[in-house]
*Asks:* 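Got a structure here, written out as structure tokens. Questions coming.
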Number of protein chains: 2
Amino acid sequence: MIERCLQEEARLREFLKGAQVFRQGDVARAVFYVVDGEVQLCRFGRRGERIIVHRARAGEYFAEASLESKRYHCDAIVMKPARLLEVPAARFRYVLRSDPDFAQRWSALLSRQLQIVRARAERMSLVGAAERVRHYLATAGSGPRLEVELRGSIKDLAAELGLTHETLYRTLARMQKSGEIEREGSRLRRRRASV
Amino acid sequence: MIERCLQEEARLREFLKGAQVFRQGDVARAVFYVVDGEVQLCRFGRRGERIIVHRARAGEYFAEASLESKRYHCDAIVMKPARLLEVPAARFRYVLRSDPDFAQRWSALLSRQLQIVRARAERMSLVGAAERVRHYLATAGSGPRLEVELRGSIKDLAAELGLTHETLYRTLARMQKSGEIEREGSRLRRRRASV
DNA sequence: CGTCGCATTGATATCGCTCAAATCCGGTGG
DNA sequence: CCACCGGATTTGAGCGATATCAATGCGACG
């Protein structure tokens, strides 16, 4: 749920699939909260490859950095029709200053984000597709078998892991055949319980 | 400089090169501030490869996540003899709640960290060593020629870019020969001004 | 029914990792 | 002052993993 203290500052906006909430280089005016739907923050390399910087889902904020930055650093593209709460950066800063409770929760939220992104960066420095899959399960999975509920397509996961989708398909197939992991619809887990 | 409001809460500790400030799995008791020296936060893969999660230098905090987490997620190893201010997590949280100014600055600091790490993760998803170098200059460089002052060895930079040092040497040599970049001691920049 | 995007598998080339070795450089101790 | 040492730097050779290109099947959706 969005913080109550922000709610009255926010404007609700609806977007269709494919819409752009903002583009790289736009003046950073607002922080957003996803009521429902999904927004992808991405950049495009010189050859048009899409690099997913972040995926914001229901219940998450995005463009937090607009509090600290003059302009947006990436595109925000609506992947699933979404309703977003738009909180002007100035209002947000004001609430942040005036509500210590909220400030604390906000810090906590940023810290958690930081951990997740660091895990991702760490994962990308691993060599070998299988190692990345293992690391992904280890950091994003839950329970003794490190189960993960895939929220998007395998292609999306491939992007998250910094692999091409072909390589990921093959790697998953190999890991299944060797009995290391199981797939069950959109669930992915280790076959044997981990340490 | 460390925040004045934290100073009286902190204990100054000195470490020799190679010392461990804490290890992965230790109970997360404190946030640290680097007065001088350098501390590397790293994990070790199963084959002993060192993965640098973060490098904290004079004027920076590290282990911010210990505010949100029961245990440390990585090792902290002193690379250059360091003096650290250790702020107990509880004290830190208290200051965070009671000093809105500080809370705001802390949020800003976390946001900036987040941006940097996101840039790093994005960089690692690029294919080709030269692309990574270009991206590094683009995100970490300053001025029209995207100049960067290298703070460590080329080996360190290689780790930051997720390449082996051999590959990075070769790539840099190639980029210099082709006239794309210049090296001047520990400075690295584009030869031609960027867009 | 046609189209579009995802899933899957195949073939191939390339790039970066690995192992190896020579040089350089700063520091350290005799 | 010199010998020595460890670590960084640099270059070489070869292999394997992954990106890339290509083709097909499949399901959703209009």
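What you are looking at is a predicted structure, and each value in this text was computed from that prediction instead of being measured. Order of the sequence lines fixes the chain letters, A, B, ..., with proteins taken first and strands second; residue numbering starts at 1 for each chain.
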*Asks:* B:Met175 CE to C:dG16 P: how many Å, rounded?
*Replies:*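 Value for this atom pair: 11 Å.
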*Asks:* Between B:Lys177, B:Arg191, B:Arg187, which is the residue that forms a salt bridge (Lys or Arg N to Asp or Glu O under 4.0 Å) with B:Glu182?
*Replies:* B:Arg191
*Asks:* Find the distance B:Leu168:CG to C:dT18:P and express it as a whole number of Å.
*Replies:* 15 Å
*Asks:* Give a yes or no on whether the backbone of A:His73 and the side-chain of A:Arg43 come within a donor-acceptor separation of less than 3.5 Å.
*Replies:*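 Yes, because the side chain of A:Arg43 sits within donor-acceptor range (under 3.5 Å) of the backbone of A:His73.
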*Asks:* Would you please indicate yes or no on a ring centroid separation below 6.0 angstrom for A:Phe102 and A:Phe92?
*Replies:*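 They qualify: ring centres under 6.0 Å apart.
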*Asks:* Tell me, for nucleotides 7-12 of chain D in 5' to 3' order, what letter each nucleotide earns: B for a base near a protein heavy atom under 4.0 Å, S for only sugar-phosphate near one, - for neither?
*Replies:* -SBBBB
*Asks:* In whole angstrom, what separates B:Leu172's CG from C:dG16's C1'?
*Replies:* 14 Å
*Asks:* So, taking the atom named OG1 in A:Thr164 and the one named CZ in A:Arg170, what distance separates them when rounded to the nearest 0.5 Å?
*Replies:* 7.5 Å
*Asks:* Rounded to the nearest angstrom, tell me the gap between atom CD in B:Glu131 and atom P in C:dG16.
*Replies:* 10 Å
*Asks:* Whole angstrom is fine here: how far is it from CG in A:Leu126 over to P in D:dT18?
*Replies:*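 Nearest whole value for this atom pair: 12 Å.
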*Asks:* Between B:Thr167 and C:dC17, does any side-chain N or O lie under 4.0 Å from OP1 or OP2?
*Replies:* yes
*Asks:* Which residue pairs pass the salt bridge (charged side-chain N to carboxylate O under 4.0 Å, His left out) test with at least one member in residues 28-42 of chain A, sequence neighbours excluded?
*Replies:*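 Counting only pairs at least two positions apart or across chains, the salt bridge (charged side-chain N to carboxylate O under 4.0 Å, His left out) contacts touching residues 28-42 of chain A are A:Asp36-A:Arg83, A:Glu38-A:Arg55, A:Glu38-A:Arg57, A:Glu38-A:Lys80.
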*Asks:* Let me check I have this right: for DNA chain C, each base becomes ., (, ), [, ] or |, based on Watson-Crick or G-U pairs with both distances under 3.5 Å. What is the full string?
*Replies:* ||||||||||||||||||||||||||||||
*Asks:* Which heavy-atom pair separates A:Glu149 from A:Ser186 by the least distance, and what is that distance?
*Replies:*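 In this case the closest contact between A:Glu149 and A:Ser186 is OE2-OG, 2.8 Å.
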*Asks:* Within this structure, what is the NZ-to-C1' distance between B:Lys80 and C:dG26, rounded to whole angstrom?
*Replies:*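 That distance rounds to 14 Å.
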*Asks:* Please tell me whether A:Val31 and A:Leu12 are part of a single hydrophobic cluster in this structure, the criterion being side-chain heavy atoms less than 4.5 Å apart.
*Replies:* yes
*Asks:* If you take all heavy atoms of A:Ser107 and B:Leu110, which pair is closest and at what distance?
*Replies:*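 Shortest heavy-atom contact: O-CD1, 3.6 Å.
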*Asks:* Roughly how far, to the nearest 0.5 Å, is CD of B:Glu86 from CZ of B:Arg91?
*Replies:* 13.5 Å
*Asks:* Measure CE/B:Met124 against C1'/D:dT18 and give the value in whole Å, please.
*Replies:* 15 Å
